[in-house]
Structures are given as structure tokens and as C-alpha cells.
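FYI, side chains are in, hydrogens and waters are out, and symmetry mates aren't considered; it's all heavy atoms of this structure. Each ligand, and each atom within it, is numbered from 1 in the order the structure gives.
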Amino acid sequence: MRYAVISDIHGNLAALQAVLERIDGLGVGSILCLGDIVGYGPDPGECIELIRSRGIPSVMGNHDQVAAGLADPVYFNPAAREAILWTRGRLTRENAAYLADLPRRIVLDAMVLCHGTINDLNRYIISPRDVRDGFAEMEALGEATRLCYHGHTHVPILFRKDRFGVHRVLGQETAVAENGLYLANPGSVGQPRDGDPAASFLVYDKGGGTITFFRVAYDIAACQNRIIAAGLPGWLATRLALGR
Ligand code: ZN
């Protein structure tokens, strides 16, 4: 069984279409989403409808939560706030209800999906302490999960916990150790922030025991033009080309 894991699409339809095309080309049938389907980008409704039509299970991201009207954009920077209020104003009732009903976490096949951390969709896993807490939340779940997928930082990264401690695992492809626990962030489809503007995702091959990160070039200019045409802040277009 192989799973493709995507996250932080942020209303970027061009990037989402390119990633799904690549996943289909790889022949991976099961796709999982870690939230932030909307926010920042010009095509929130189209992205929701594509995720729904493909039957892709998703957890709730902090932008989905605010777009659905379940929270206010208290911790959002000015451009993010302007974009999420624009998004909230143009979602159909049905799409807003879809976002409002997204679960905070999904557990399946010894894996757990969350947006920020298992217990907090607003928390980033960045510092060594965050990573330790991330593993602690995973162990406290009481489910036999070996892999926790999280998004929110828009930076692809992989951590392993084993009897020697917690380590960052480098490399595009990793062999999954039998006795290890893993925290895996696939990076962002629609707004990468690791300096590489290409859309990011990962594939977990359960049978083969590997986690592989992928990057996909997409039509950045198409999304930038849609952002400008929508009257959204120009920085949101600029940053897509920078991968920041
Ligand atoms: Zn995000």
C-alpha cells in the first residue's frame, strides 16, 4: 500500500492540479491531506471541490478554521488576514460547511494525520522541544501509530525517534526503521517556504518501507496572475516565486 501525503494547498489550484497529476503518474491511489486547503490563494472553492471530488480525506488547518468562521484571524499577519477574510466572503455555504466539519486528526493504518500538532492545529513543529513534544503527543494517543504526518510550517522535514533519541533524517528517500517512530512533514503544495518554489509532497510506501519526498514544478505565473486579478496583496504573488 502506498500513500501520497499533501498539505497546505492554500487555494493554489495550478499547484494542486500539478501535484495530483504527478501522484496519478506514480500510480499512488491513496491520497491524504493535512489541511489548509484555503487561505492566501485565489482559488479556494476550486481547491475544496477538487479535494472533495477525489475523495481525499483531510484534517482541518488553521486557515480552514478561520475561513469556516470557527475562529478569528488573531495571529495572522496583515496579508494573511486580508486573504482569509476575502476567502471567507466568497466560499459557498456548502464549502464553508465542509471546512467546518473537517476533523482535527485522522488515525488510519497505524498513521495519524494532523495540521500543526496532534493536539493543536496552530502549533508549529520547529524547535527540538517542539519535535520532542510532537513525539510525546503521538505516544500519548494510545493508538499503535508509528507515523505522524503534520504540516503548517510549509517546510518538508522528517524526524525519527528510536532508542538512541530523536534525530532529523536527511535525504530524499528514507528507509523506515521497524522500531522507529516518525514525524513527517510533506511541505506545502501551494506556498512552499523552504526556498524551493516547486510544490512539495511525500509518498509513504508501506510495503517497501520507504518515505520519499517529491517536488513538482507548476505554472507559478498563472497563480500569480489570479492573485493580482483578485485584488489580493501583491506579496502573496511575489513569495510564490521565491519559495518563501
Ligand atoms: Zn498553511
| task | Answer yes or no as to whether an N/O/S atom of His63 is found below 2.8 Å from the Zn ion (ligand 1). | result | no
| query | Taking the Zn ion (ligand 1) as the vertex, what is the angle from OD2 of Asp36 to OD1 of Asp8, given to 10 degrees? | reply | 90°
| message | How about CD on Glu139, more than 12 heavy atoms from neighbouring residues, nucleotides or ligands closer than 6.0 Å, or not? | response |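 More than 12 heavy atoms, drawn from other residues, nucleotides or ligands, come within 6.0 Å of this atom.
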Looking only at the side chains, is there a donor atom on one of [X] and [Y] sitting less than 3.5 Å from an acceptor on the other?
X: Asn12; Y: Arg226; result: no
X: His152; Y: Asp36; result: no
X: Asp130; Y: Ser127; result: yes

| Restricting to N, O or S atoms of His10, which is nearest to the Zn ion (ligand 1)? |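 Restricting His10 to its N, O and S atoms, the minimum distance to the Zn ion (ligand 1) goes to NE2.
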